[in-house]
**Student:** 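To start, I am sharing the structure in question, which I have written as structure tokens.
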Amino acid sequence: QLQESGPGLVKPAQTLSLTCSVSGVSITAAGHYWSWVRQFAGKGLEWVGYIFYSGATYYNPSVQGRAFVSRDTSQNQVSLELTSLTAADSAVYFCVGGFRIVDTWGQGMLVTVSS
Amino acid sequence: AIQVTQSPSSLSASVGDRVTMTCRTSQDVRNALFWCRQKPGKPPQLLIFDVSRLRSGVPSRFSGGRSGADFILTINSVQPEDVGTYYCVQNLNFPVTFGQGTKLDLK
């Protein structure tokens with residue numbers, strides 16, 4: 001299971017920090033991906049980035065330079081930091097993981113960027 | 001990035017109908033194509049991976065296939081619980097990209 005946590009409201013230009021607590025499987029299990037996907041109000045889905053079980057990361061060019069995915073193996077958690085926020089970053093953020101990159105989804109966290 | 005285009009954007013069916021929806025990618029993604037369904041107020045859930053392989057627990061009325069450049073999701077005998085928005089997803093190349101969805105509702 002995956003559970004997102006973090007602030008629901010952040011101000012423009014600030015940094016968003018979200019955490020995904022993973023249970024039932026180790027985030028270092030071979031071949032597993034741990035991604036962040038966001039869904040905009042119009043329902044479109046955008047993959048933000050992932051951290052692989054090895055620790056390797058990859059980011060969508062649409063957020064390149066602003067997104068940073070990290071992990072805490074002792075807590076079995078994955079985190080997302082997204083900097084320089086604008087209103088366009090308002091979305092539901094999902095933690096998504098598994099051997100197949102879209103295997104399991106968290107419930108999602110609504111994030112609104114507004115002053 | 002690989003573009004993913006779904007059609008139709010919405011469809012309406014009666015219980016028991018057979019429905020199909022299509023996904024086309026801007027370049028060949030080989031077998032790296034998933035189908036997910038999102039029910040209202042819920043996160044998406046994986047239904048089919050590798051074009052045609054059903055995830056454990058997914059009813060056999062669902063099937064996936066390919067015809068040329070088109071990937072096809074078929075639901076034989078639609079049930080009320082099948083209502084939702086269906087997304088196809090490619091992961092041949094990063095970034096992973098999603099179609100815009102096909103919304104299925106009941107007549």
Side-chain angles (χ1 to χ4, degrees), chain A residues 1-5 18 20-22 24-25 31-52 54 56-67 69 80 82 91-111, chain B residues 1-10 21 23 25-26 29-58 64 71 73 83-105:
Chain A
Q1 289 198 353
L2 309 175
Q3 181 64 59
E4 305 89 348
S5 60
L18 296 176
C20 174
S21 297
V22 180
V25 61
H32 281 59
Y33 295 89
W34 306 98
S35 298
W36 290 93
V37 174
R38 60 186 181 178
Q39 186 167 36
F40 301 108
K43 303 299 184 184
L45 289 158
E46 181 180 68
W47 179 79
V48 176
Y50 77 75
I51 187 163
F52 200 33
S54 61
T57 55
Y58 187 91
Y59 303 101
N60 194 322
S62 67
V63 295
Q64 195 77 38
R66 295 198 300 128
V69 180
L80 169 69
L82 188 62
V92 175
Y93 285 74
F94 293 101
C95 178
V96 187
F99 185 74
R100 295 176 288 259
I101 198 165
V102 291
D103 251 339
T104 305
W105 296 63
Q107 288 301 304
M109 180 89 197
L110 175 62
V111 174
Chain B
I2 296 176
Q3 313 263 343
V4 181
T5 304
Q6 289 185 244
S7 61
S9 57
S10 65
M21 58 191 75
C23 174
T25 56
S26 60
V29 298
R30 299 196 284 242
N31 280 350
L33 194 288
F34 303 93
W35 289 95
C36 297
R37 176 185 62 208
Q38 185 174 30
K39 295 186 179 183
K42 298 292 186 181
Q45 286 186 310
L46 177 65
L47 298 176
I48 291 174
F49 60 98
D50 295 351
V51 177
S52 60
R53 300 179 66 183
L54 265 60
R55 189 182 189 186
S56 176
V58 173
F71 297 92
L73 174 67
V83 165
T85 302
Y86 291 78
Y87 295 96
C88 60
V89 189
Q90 72 78 25
N91 79 323
L92 179 72
N93 291 339
F94 290 104
V96 171
T97 45
F98 298 83
Q100 76 278 23
T102 293
K103 186 176 181 180
L104 172 65
D105 60 25

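Sequence lines set the chain letters: A, B, ... in the order given, protein chains first and strands last, and positions in each chain run from 1.
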**Student:** Who wins among A:Tyr50, A:Trp105, A:Tyr58, A:Phe94 for the most heavy-atom pairs under 4.5 Å with chain B?
**Tutor:**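 Top option by heavy-atom pairs under 4.5 Å: A:Trp105.
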
**Student:** Please examine the side chains of A:Gln39 and B:Tyr87, heavy atoms only from C-beta on, and report whether any two atoms are closer than 4.5 Å.
**Tutor:**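 A side-chain contact under 4.5 Å exists here.
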
**Student:** Could you give the distance from OH (A:Tyr33) to CG (B:Asn91), rounded to the nearest 0.5 Å?
**Tutor:**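 With rounding to 0.5 Å, OH (A:Tyr33) is 7.0 Å from CG (B:Asn91).
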
**Student:** Would you say CZ of A:Phe99 has more than 12 non-hydrogen atoms from neighbouring residues, nucleotides or ligands within 6.0 angstrom?
**Tutor:**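 It does not: A:Phe99 CZ has 12 such atoms or fewer within range.
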
**Student:** Mind checking the CD-OG1 spacing from A:Glu46 to B:Thr97? Nearest 0.5 Å is all I need.
**Tutor:**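 Separation between the atoms: 11.0 Å.
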
**Student:** So do the side chains of A:Asp103 and B:Arg55 get within less than 4.5 Å of each other, counting heavy atoms only?
**Tutor:**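 Yes, side chains in contact.
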
**Student:** Between A:Val92 and chain B, with a heavy-atom cut-off of 4.5 Å, which part of the residue counts as in contact: side chain, backbone, both or neither?
**Tutor:**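 Nothing of A:Val92, per the 4.5 Å heavy-atom cut-off to chain B.
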
**Student:** Tell me whether A:Gln64 at atom CD has more than 12 heavy atoms from other residues, nucleotides or ligands lying less than 6.0 Å away.
**Tutor:**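 Counting other residues, nucleotides and ligands, CD of A:Gln64 exceeds 12 neighbours.
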
**Student:** If the test is ring-ring contact (aromatic ring centres under 6.0 Å, His included), which one of B:Phe94, B:Phe98, B:Phe34 qualifies with A:Trp47?
**Tutor:**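 Only match with A:Trp47 under ring-ring contact (aromatic ring centres under 6.0 Å, His included): B:Phe94.
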
**Student:** With the side chain counted from C-beta on, respond yes when B:Pro44 and A:Val102 share a heavy-atom pair under 4.5 Å apart, and no when they do not.
**Tutor:**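 SC-SC contact between B:Pro44 and A:Val102 ruled out.
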
**Student:** Given side chains that start at C-beta, do those of B:Pro95 and A:Tyr59 come closer than 4.5 Å, heavy atoms only?
**Tutor:**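 Counting from C-beta outward, B:Pro95 and A:Tyr59 never come under 4.5 Å.
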
**Student:** Take B:Val96 and A:Ser35 through the side chain to side chain contact (heavy atoms under 4.5 Å, CB included) test and state the conclusion after the steps.
**Tutor:** CA-CA 10 Å; B:Val96 171; A:Ser35 298; over 6 Å; no

**Student:** Let's go through A:Arg100 and B:Leu46 carefully: what are the C-alpha distance in whole Å and the side-chain angles of both, what is the deciding distance for side chain to side chain contact (heavy atoms under 4.5 Å, CB included) to 0.1 Å, and is it a yes or a no?
**Tutor:** CA-CA 9 Å; A:Arg100 295 176 288 259; B:Leu46 177 65; 3.8 Å; yes

